[in-house]
Amino acid sequence: MGSQTQSQLHVVDFTDEAMKPGTDAWLSACTLVRTALEDNGCFLARYHRIGKDLCDSVVSSMEDLFSLPVETKAQNTRCQKFAHIMGLQGNHRFCESINKYAKLLGELDHMTKRMVFESYGVEMQGCECMIESSDYLLRCMKYRTPETDEKDLGMPSHTDLTIVSIVHQLNNLNGLEIKLKDGEWIGVDASSSLFLVVVGDAFHVWSNGRIRPYEHRVTMNATKTRYSMGLFSFSGKILQIPAELVNEQHPLRYKSILDNYEYIRFYEKEKSKDPYSRIEAYCGISSLY
Ligand SMILES: O=C(O)CCC(=O)C(=O)O
Ligand SMILES: [Fe+2]
């Protein structure tokens, strides 16, 4: 069961403004990111650009949003329109804080992808192409407090179907846990400046199996409503496994293509919980012959 320590997770510090491509700090961060993703499928990003004030403002927007009637929330519309539905008073603040927050999370996503490409020596043009063709989903999750006899409230263990997911425990309440490669579950401490960057199934395929998605879940024990935010990136284009990642030690494991949306539909149909068997069934080379 989850011991409440995250000291076994790699922490990558993005606060250093001098950490720019080409610098020593950047190169060592690239190596750390790659090692972390190969070891545990995730790392903790220390990222101060989203400060406490912005977090507080996003939380209060979320409280407003979740208090809307179900029919309004079901409209799945854009920020401006939601803001309008919420009334003009909250309009500007709502859009400004959510847009700023999403933009900063997006920058973290881009840096992570650039670091992975650079560390593997894969042509950077491919990275810019992956970034440009990615679709992003920003999702806020609300977890209510458990009733006295409720035990399993939260989110069951799963891996994401994404390229990369970034999870932020928005209002400083713990609950997120990740399973390490030795099978131990550990809790991730909540902080306004700590973000869990997790690899999804699509990045595993892109890396020809080198980086691996690990299961994570939410165990809800908090005595207050917990809000978390996730930025999920999906490939809007066919993903090619780069030639640089295929060699004698790493023979091609997957069909060189993975259509993220077709894969999601496959998952919806098969409902297989184990990421490796569903990826294998979907695009494993051995399933081709
Ligand atoms: O709410 C959280 O902390 C985690 C959410 C998550 O893992 C997901 O939405 O895929
Ligand atoms: Fe997840």
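In each ligand, atom 1 is the first atom listed, and ligand 1 is the first ligand listed. If you read the sequence from its start, that first residue is 1, and numbering goes on from there.
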Chemist: Ignoring hydrogens and geometry beyond distance, is a side-chain donor-acceptor pair present between T31 and S28 at under 3.5 Å?
Modeler: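 The answer is no; no qualifying pair exists.
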Chemist: Who gets closest to atom 4 (C) of ligand 1 by heavy atom: V218, L173, L161?
Modeler: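 Among V218, L173, L161, the closest heavy atom to atom 4 (C) of ligand 1 comes from V218.
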Chemist: Which atom name does H216 have for its N/O/S atom nearest to the Fe ion (ligand 2)?
Modeler: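 The H216 atom nearest to the Fe ion (ligand 2), restricting to N, O or S, is NE2.
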Chemist: Would K100 and E96 pass as an ion pair if we require N to O under 4.0 Å?
Modeler: no
Chemist: Evaluating non-hydrogen atoms only, which member of K142, R226, Q169, E215 is closest to atom 3 (O) of ligand 1?
Modeler: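 It is R226 whose heavy atom sits nearest to atom 3 (O) of ligand 1.
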Chemist: Could you see which bit of H216 sits under 4.0 Å from ligand 1, with heavy atoms only: side chain, backbone, both or neither?
Modeler: side chain
Chemist: What about F117 and W206, are their ring centers closer than 6.0 Å?
Modeler: yes
Chemist: Quick one: do the T159 and R278 side chains pair a donor with an acceptor below 3.5 Å?
Modeler: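 Side chains of T159 and R278: pair found under 3.5 Å.
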Chemist: How does V198 reach ligand 1, if at all, at less than 4.0 Å between non-hydrogen atoms: by side chain, backbone, both, or neither?
Modeler: neither
Chemist: At less than 4.0 angstrom from any non-hydrogen atom of Y143, what atoms of ligand 1 do you find?
Modeler: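 Heavy-atom distances to Y143 below 4.0 Å select 1 (O), 2 (C), 5 (C).
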Chemist: As an exercise, identify every atom of ligand 1 less than 4.0 angstrom from a heavy atom of S228.
Modeler: 1 (O), 2 (C), 3 (O)
Chemist: Flag the pair E177 and R217 as a salt bridge only when some basic side-chain nitrogen lies within less than 4.0 angstrom of an acidic carboxylate oxygen.
Modeler: yes
Chemist: Please could you name the atoms of ligand 1 that V167 approaches to less than 4.0 Å, counting only its heavy atoms?
Modeler: 2 (C), 3 (O), 4 (C)
Chemist: For D160, take its heavy atoms, then give the atoms of ligand 1 lying under 4.0 Å from any of them.
Modeler: 10 (O)
Chemist: Hey, does R139 sit under 4.0 Å from ligand 1 if you only count heavy atoms?
Modeler: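 Yes.
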Chemist: In the structure I gave you, are the side-chain heavy atoms of L239 and V205 within less than 4.5 Å of one another anywhere?
Modeler: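 Not touching, per the 4.5 Å side-chain cut-off.
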Chemist: For ligand 1, which atoms, with element, lie under 4.0 Å from some heavy atom of H158?
Modeler: 6 (C), 7 (O), 8 (C), 10 (O)
Chemist: Between R212 and D39, is the closest basic N to carboxylate O distance under 4.0 Å?
Modeler: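 Answer for the salt bridge query: no.
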Chemist: Side chain, backbone, both or neither: which applies to M229 and ligand 1 if a contact is any heavy-atom pair less than 4.0 Å apart?
Modeler: neither
Chemist: Could you tell me which N, O or S atom of D160 is nearest to the Fe ion (ligand 2)?
Modeler: OD1
Chemist: Run the salt-bridge test on K273 and E215 with the 4.0 Å N-O cut-off and return the result as yes or no.
Modeler: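 Salt bridge: no.
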Chemist: Just to check, does M155 reach to within less than 4.0 Å of ligand 1 when the distance is taken from its heavy atoms?
Modeler: yes
Chemist: Is the gap between the ring centers of H48 and F14 under 6.0 Å?
Modeler: no
